[in-house]
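Below, chains carry the letters A, B, ... as their sequence lines are ordered, and counting in each starts from 1.
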Amino acid sequence: MQIEHPSSETEAQALQEALAAQVISDDQFDSVTTIAGTDVAYDDATNQLVGAIVVLDACTLEIIETQVVTESVRFPYIPGLFSFRELPPLLSAFERLTHKPDMIVCDGQGLAHPRRFGLACHLGVVLDIPTIGCGKTRLTGTHETPLETRGASTPLIDNEQVIGEVLRTQDNIKPVYVSVGHKVSLSTAKEWILKLTPKYRLPETTRQADQQVNKALKALQAQG
DNA sequence: GCGACAG
DNA sequence: ATCTTGTCGC
C-alpha cells in the first residue's frame, strides 16, 4: 500500500485539502478488542526512518503483535506536512500485521491541524480504520491551562472551532493534545486516552511503539 | 516583517 | 526529533 507522494509543498497542501473532506468525526465502529500504537524515529547516519506499530489487547493492554520497518526518507519534515514523511513506513508496518487492530492511536495530531488533516486523519482515511490523534505538543490552536488533576481538560480552539482537547493524563504532569483522527468522536477519543494512561503521561500504545522504535534504532546504529 | 511550527 | 540553559508568561 502506498500514498501519493507530492513533489512540492503546494501539492502536498492541496492533497490534504482534498483528503480532509473524507474524514469522519463521529463514532463509526463496533467493539474494540485490539488497539494499536504507532511511532517513527529518524536515523541521521543512514537517513532512514524506523516505523513501528504495536497491537495491544484493549482490555489487558498486553502486547499481541509488533511490526517494525526501516525505510529511506521520502519527504522532509515540514510542520503541517508531517504525514507525508511518516506514513510510508507506518503503512509498510501495517501491511505486515497478522492481527489488524480495531483502532489506532497515533503519535501526532488529527484534526488539530491547520488544514484539519494531521497524521492521524491521514492514516485513518487511507486504511479506513478508526484513529485517534495524541500529540505531546501543540501544532495549532489556543487553549486555557487545564486543572492539574488527571482527567481535567480544556478545549483546543482554532478559528472559533473546537479542534481538540488538552487533556491532563496524570496529576501535575504536562497535558497531551487529543484530537479526532477518523471514525472516532472527540469525547470517545478522550475516554480512550484516559483508559490507556493508567500510570504514565503517554498512552501505553504510544509507549510500546516508542520502545520498539528505539530498540530498532539502536540496533541500526550498532551496525554502520 | 518577525515569530511560531506535530516528530 | 535532540541538546541544553535556566527557571511566570505575554
Side-chain angles (χ1 to χ4, degrees), chain A residues 3 6 9-10 12-13 15-17 19-20 23 37-54 68-93 104-126 131-146 148 154 156-159 163-167 169 172-182 186 189 193 201-203 205-218 220-221:
Chain A
I3 57 167
E9 201 166 328
T10 306
Q13 290 187 5
L15 193 51
Q16 288 184 325
E17 284 163 8
L19 290 172
V23 174
T38 73
D39 192 27
V40 176
Y42 174 64
D43 180 47
D44 268 316
T46 62
N47 193 38
Q48 288 183 309
L49 293 172
V50 177
I53 297 185
V54 179
V68 184
V69 302
T70 300
E71 294 182 356
S72 297
V73 173
R74 306 194 187 196
F75 201 85
Y77 169 67
I78 300 172
L81 300 178
F82 191 40
S83 64
F84 294 104
R85 178 183 177 88
E86 304 229 334
L87 269 196
L90 290 181
L91 292 177
S92 299
I104 302 175
V105 178
C106 298
D107 181 31
Q109 317 295 340
L111 288 181
H113 174 281
R115 288 169 294 282
R116 308 293 180 263
F117 198 69
L119 171 67
C121 297
H122 204 157
L123 185 64
V125 166
V126 168
T131 57
I132 293 171
C134 183
K136 294 183 277 291
T137 63
R138 182 194 69 94
L139 171 60
T140 192
T142 58
H143 64 88
E144 304 291 306
T145 300
E148 293 291 334
T154 54
L156 180 62
I157 309 290
D158 188 37
N159 193 29
I163 60 173
E165 198 87 28
V166 185
L167 176 66
T169 56
N172 303 104
I173 298 292
K174 184 179 179 180
V176 298
Y177 294 76
V178 181
S179 59
V180 169
H182 188 53
L186 183 55
I193 296 303
R201 179 194 174 215
L202 299 180
T205 41
T206 302
R207 295 186 67 249
Q208 295 293 351
D210 179 73
Q211 196 175 311
Q212 293 300 320
V213 146
N214 285 314
K215 180 175 151 192
L217 199 59
K218 190 175 176 182
L220 198 64
Q221 294 169 346

Visitor: Expressed in angstrom and rounded to an integer, what is the separation of A:Leu119 atom CG from B:dC5 atom P?
Guide: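 The answer, rounded to whole Å, is 19 Å.
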Visitor: Might you work through the side-chain hydrogen bond (donor to acceptor under 3.5 Å, both in side chains) test for A:Asp43 and A:Asn47, ending with a clear yes or no?
Guide: CA-CA 6 Å; A:Asp43 180 47; A:Asn47 193 38; over 6 Å; no
Visitor: Whether A:Thr137 contacts B:dG7 is assessed here as follows: a side-chain N or O lying under 4.0 Å from the phosphate OP1 or OP2. Is that the case?
Guide: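 Checking A:Thr137 against B:dG7: at least one side-chain N or O falls below 4.0 Å of OP1 or OP2.
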Visitor: Identify, with sequence neighbours excluded, every residue that meets salt bridge (Lys or Arg N to Asp or Glu O under 4.0 Å) alongside A:Asp107.
Guide: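 A:Asp107 satisfies salt bridge (Lys or Arg N to Asp or Glu O under 4.0 Å) with A:Lys136 only.
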Visitor: When we call it a touch if two heavy atoms are under 4.0 Å apart, what does A:Gly80 touch: a base, just sugar-phosphate, or nothing?
Guide: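 Base contact - A:Gly80 has a heavy atom under 4.0 Å of at least one base atom.
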Visitor: Send over the distance from A:Asn214 CG to B:dG7 P, rounded to a whole Å.
Guide: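 Atom CG in A:Asn214 sits about 14 Å away from atom P in B:dG7.
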Visitor: Can you check the distance between C:dG9 and B:dC5, where both ends of the measurement are the P atom (answer in whole Å)?
Guide: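 Going atom to atom, P in each nucleotide, I get 15 Å.
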Visitor: Taking only residues two or more places apart in sequence, or in another chain, which ones meet A:Asp158 in a salt bridge (Lys or Arg N to Asp or Glu O under 4.0 Å)?
Guide: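 Once residues adjacent in sequence are excluded, the partners of A:Asp158 under the salt bridge (Lys or Arg N to Asp or Glu O under 4.0 Å) criterion are A:Arg116.
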Visitor: Mind checking the P distance from B:dC2 to C:dC10? Whole angstroms is fine.
Guide: 24 Å
Visitor: Tell me if the aromatic rings of A:His122 and A:Phe82 count as close, with their centers under 6.0 Å from one another.
Guide: no
Visitor: With heavy atoms under 4.0 Å as the rule, sort A:Arg138 into base, sugar-phosphate or nothing.
Guide: sugar-phosphate
Visitor: Report the stems of DNA chain C as range-with-range entries sorted by first number; a stem here is at least three consecutive pairs, Watson-Crick or G-U wobble, both distances under 3.5 Å, and write none if there are none.
Guide: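 For DNA chain C no paired stretch is long enough to count as a stem (3 pairs minimum).
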Visitor: Rounded to whole Å, how long is the line connecting atom CZ of A:Phe82 with atom P of B:dA4?
Guide: 21 Å
Visitor: Report the distance from atom CG of A:Asn47 to atom P of B:dG7, rounded to the nearest whole Å.
Guide: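 For the pair A:Asn47 CG and B:dG7 P, the rounded distance is 20 Å.
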Visitor: Roughly how far apart are A:Leu156 CG and A:Thr140 OG1, rounded to 0.5 Å?
Guide: 7.5 Å
Visitor: Only one of A:Phe75, A:Phe117, A:Tyr77 forms a ring-ring contact (aromatic ring centres under 6.0 Å, His included) with A:Phe84, so which one is it?
Guide: A:Phe75
Visitor: Can you tell me how far C1' of B:dA6 sits from CG of A:Leu81, to the nearest Å?
Guide: 11 Å
Visitor: Give the rounded distance in Å between these two atoms: OH of A:Tyr77 and C1' of C:dT2.
Guide: 13 Å
Visitor: More than 12 non-hydrogen atoms from neighbouring residues, nucleotides or ligands closer than 6.0 Å to CD on A:Glu144, yes or no?
Guide: no
Visitor: Hey, does the side chain of A:Tyr42 come within less than 4.0 Å of B:dG7's phosphate (OP1/OP2), counting only N and O?
Guide: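 No, no such contact exists.
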Visitor: What is the distance from CZ of A:Arg116 to C1' of B:dA6, rounded to the nearest Å?
Guide: 14 Å
Visitor: What's the CG-P distance between A:Leu220 and C:dA1, to the nearest Å?
Guide: 18 Å
